[in-house]
Asks: 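Following this message is one structure expressed as structure tokens.
Atom set for the values below is all heavy atoms of this structure, side chains included, hydrogens, waters and symmetry mates excluded.
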Amino acid sequence: MNQKDERNQPQPDKGFKIVPATLLVFTLCGLSFYLGGIFNSENNIFEGKIVQELSKAVSSPKESAVKPLQIKSVSFPECSIDYQDYTPCTDPRRWKKYSYRRLTFLERHFPPLFERTECLVPSPNGYKPPIRWPKSRDECGGTMFPKGVGAYVNLMQDLIPEMRDGTIRTAIDTGCGVASWGGDLLDRGILTISLAPRDNHEAQVQFALERGIPAILGIISTQRLPFPSSSFDMAHCSRCLIPWTEFGGIYLLEVHRILRPGGFWVLSGPPINYEHRYLGWNTTEKEQRAVYEKMQDLPSSMCFTVYAKQDDIAVWQKSSDNSCYEKLASPDLYPAKCDDSIEPDSAWYTPLRPCVVAPRPKLKRTSLDSLPKWPERLKAAPECMSDVPGRSGTALKQDDSKWRVRAEHYKKLLPALGTDQIRNVMDMNTVFGGLAAALIDYPLWVMNVVSSYAANTLPVIFDRGLIGTYHDWCEAFSTYPRTYDFLHVDGLFTAESHRCEMKYALLEMDRILRPEGHILMRESSYFIDAIDAVAKAVRWNCRKEDTEDGGEKEKILVCQKTLWYSSNNNSTR
């Protein structure tokens, strides 16, 4: 046979096999890295030099401790005078780009990068600070209630005794008008977020905030509201013009999602008491009767039960009995129980779903009758703390203790805190609402903002009886210019400057802060000088201070926005 025996063939060296294989792996990894760099190059362009410097700091921590982040000097032009009421994500000049179906154009739409403004929004000529609280609520208030908002709420309390004893603490008012309902509830120990869309004429949310009442731009349309599930103890609609029975009841499904088990939904106006009111609604009795008949069945299909009804007010209560939701598991029912494909708290640019979000079985103490009454509720560790990685009830006590010490220090740095000069406060990067809890006895309210990219701690904030919202600070906040008196930042730039340039966040802070308003930024020493440089470019007066422990790891920048007017009506955008 000519074929040689394989056993006698010379065997290749084993190292010869390993080396080409190793080279092949490194070659493939290098190619993958190269292609990944090409794919991400567009994003990297917009992240800018701050990302590069931050990367250096991470790789060389010793060097960063010695050399703080340095950036080139920056300057910003003035926006034109017609930008004095600019709301970037709800800009009427961009409405025509979106559908009018279900009022989609009124929803939040963040402009693309090439449309972003990099200018300072001017104050209107002759701008003056708003009237101080509590005069602002009473002197500037209008009302749509025939006998006044006080009489209206008194009737509501007669129907819902839980409004009187601290059981109900958080509420949402959809289509809020000038927020008279939310304003009246403040003296009754109920904290309300008033919600209304941006419009071209009546700036309702701006007026509510001028009065010192919590409010935010928003609309129930195609996207979820920026709140977790089971957040609010009460939801309210008084002639809010939301077509509850249309589109399969999807708007009421969203109210159901954000309402706590055992919570109350209050509806007054169309179609309630239509027999006596339809003539004033510019409609017919037949039309309103048809809507009213639908309203008899729609809430019950979502596990609501009728709680009370009198005159123009109807009240439903969301079931806290899981057996009701188990019945909705049948695919033949509408609306059916939601599956688990989308997390119930996912609420940042998350589409509305035509299904019922059921309470989570593992959380036994989130229903309204299971929570401590206000104000004990503020200090109690919520059951949902177990959903936060690495956190427990002990962590909440430690957090509260830390913020009490910090709040005392802040008062020394900013004597206006606790006076009538500061009413509307935003904690831009909170965890458990510790600052809001520490300031609870001051004549102010706090909008607690949880990053949409951070751990989901917003349910804890609502369970404590505080209010807040999800947000991404690479985008604009859903409010009008000049609506907050005090902005607090704790590590925001340290945590998120790798995602976008800090100048955008500072420009946005300047937009929403009132002239002569205050800012307190607590950041790593690495970032503080760079932030100070940009702060000067937005015309803030700042000074650097030590933290309460006097350490070098963090510093505090205390700033005040100056009052200025447009120097040129034709300033650049």
Side-chain angles (χ1 to χ4, degrees), residues 141 143-177 179-195 213 230-242 244-245 249 251-252 255-256 258-278 280-281 288-289 291-321 324 367-371 373-374 377 465:
T143 180
M144 57 175 286
F145 305 105
K147 297 180 181 179
V149 66
Y152 175 76
V153 176
N154 287 339
L155 174 58
M156 196 177 297
Q157 284 189 328
D158 292 339
L159 297 177
I160 312 172
E162 290 86 347
M163 293 177 67
R164 296 182 181 273
D165 64 0
T167 300
I168 293 175
R169 166 61 181 172
T170 61
I172 183 168
D173 188 12
T174 54
C176 64
S180 295
W181 187 73
D184 183 87
L185 289 177
L186 287 170
D187 281 343
R188 306 176 194 239
I190 299 175
L191 191 58
T192 304
I193 291 182
S194 297
L195 181 81
I213 301 171
S230 302
S231 298
F232 295 95
D233 307 332
M234 172 183 268
H236 172 257
C237 162
S238 177
R239 298 191 68 179
C240 62
L241 304 181
I242 297 176
W244 298 110
T245 60
Y251 304 135
L252 186 54
V255 169
H256 180 279
I258 64 175
L259 196 62
R260 186 178 303 282
F264 297 93
W265 180 51
V266 180
L267 178 64
S268 65
I272 307 303
N273 202 16
Y274 73 91
E275 307 97 321
H276 303 96
R277 299 294 188 191
Y278 75 91
W281 296 340
Q288 289 304 308
R289 184 189 303 115
V291 176
Y292 183 79
E293 289 173 353
K294 290 181 181 179
M295 285 299 301
Q296 302 306 296
D297 300 324
L298 183 63
S300 61
S301 70
M302 305 175 186
C303 295
F304 282 110
T305 56
V306 176
Y307 186 82
K309 183 179 181 297
Q310 184 176 338
D311 298 335
D312 297 341
I313 300 176
V315 183
W316 287 265
Q317 186 174 27
K318 178 178 174 178
S319 176
S320 55
D321 183 0
C324 176
S367 62
L368 190 58
D369 58 359
S370 299
L371 294 175
K373 295 182 179 181
W374 183 261
R377 179 172 165 179

Asks: Using the side chain to side chain contact (heavy atoms under 4.5 Å, CB included) definition, which of the options W265, F304, Y251, W316 pairs with H256?
Replies: F304
Asks: Is there a donor-acceptor contact under 3.5 Å from the side chain of T192 to the main chain of S194?
Replies: no
Asks: Does a side chain donor of either T167 or D165 reach within less than 3.5 Å of an acceptor in the other side chain?
Replies: yes
Asks: Under the disulfide bond (SG atoms under 2.5 Å apart) criterion, do C324 and C303 qualify, and how do the steps go?
Replies: CA-CA 6 Å; C324 176; C303 295; 2.0 Å; yes
Asks: Is the shortest heavy-atom distance from the side chain of R188 to the side chain of N154 under 4.5 Å?
Replies: yes
Asks: Would D369 and R260 count as a salt bridge (charged side-chain N to carboxylate O under 4.0 Å, His left out) if you check the C-alpha gap in whole Å, the side-chain angles of each, and the deciding distance to 0.1 Å?
Replies: CA-CA 10 Å; D369 58 359; R260 186 178 303 282; over 6 Å; no
Asks: Can you confirm whether L191 sits close enough to L186 that some side-chain heavy atom of one is under 4.5 Å from a side-chain heavy atom of the other?
Replies: yes
Asks: How far apart are the closest heavy atoms of A235 and V255, and which atoms are they?
Replies: CB-CG1, 3.8 Å
Asks: Sequence neighbours left out, what pairs pass salt bridge (Lys or Arg N to Asp or Glu O under 4.0 Å) with at least one residue falling in residues 295-304?
Replies: none
Asks: Between OG1 of T245 and CD of E293, what distance do you get to the nearest 0.5 Å?
Replies: 11.5 Å
Asks: Taking the side chain as every heavy atom from C-beta outward, state whether Y292 and E275 have any atom pair closer than 4.5 Å.
Replies: no
Asks: With a 4.5 Å limit on heavy-atom distance, are the side chains of S268 and Y152 in contact?
Replies: yes
Asks: State, to 0.1 Å, how close W181 and V153 come at their nearest heavy-atom pair, and which atoms those are.
Replies: CD1-CG2, 3.8 Å
Asks: Against D233, only a single residue in R169, K373, R377 fulfils salt bridge (charged side-chain N to carboxylate O under 4.0 Å, His left out); can you say which?
Replies: R377
Asks: Working to the nearest 0.5 angstrom, can you tell me the gap between E162 CD and M234 CE?
Replies: 8.5 Å
Asks: Quick one: pull up CG in D173 and OG in S238 and give me the separation to the nearest 0.5 Å.
Replies: 8.0 Å
Asks: How close do L267 and W244 get, counting heavy atoms only, and between which atoms?
Replies: CD1-NE1, 3.7 Å
Asks: Determine whether more than 12 heavy atoms belonging to other residues, nucleotides or ligands lie under 6.0 Å from atom NZ of K309.
Replies: yes
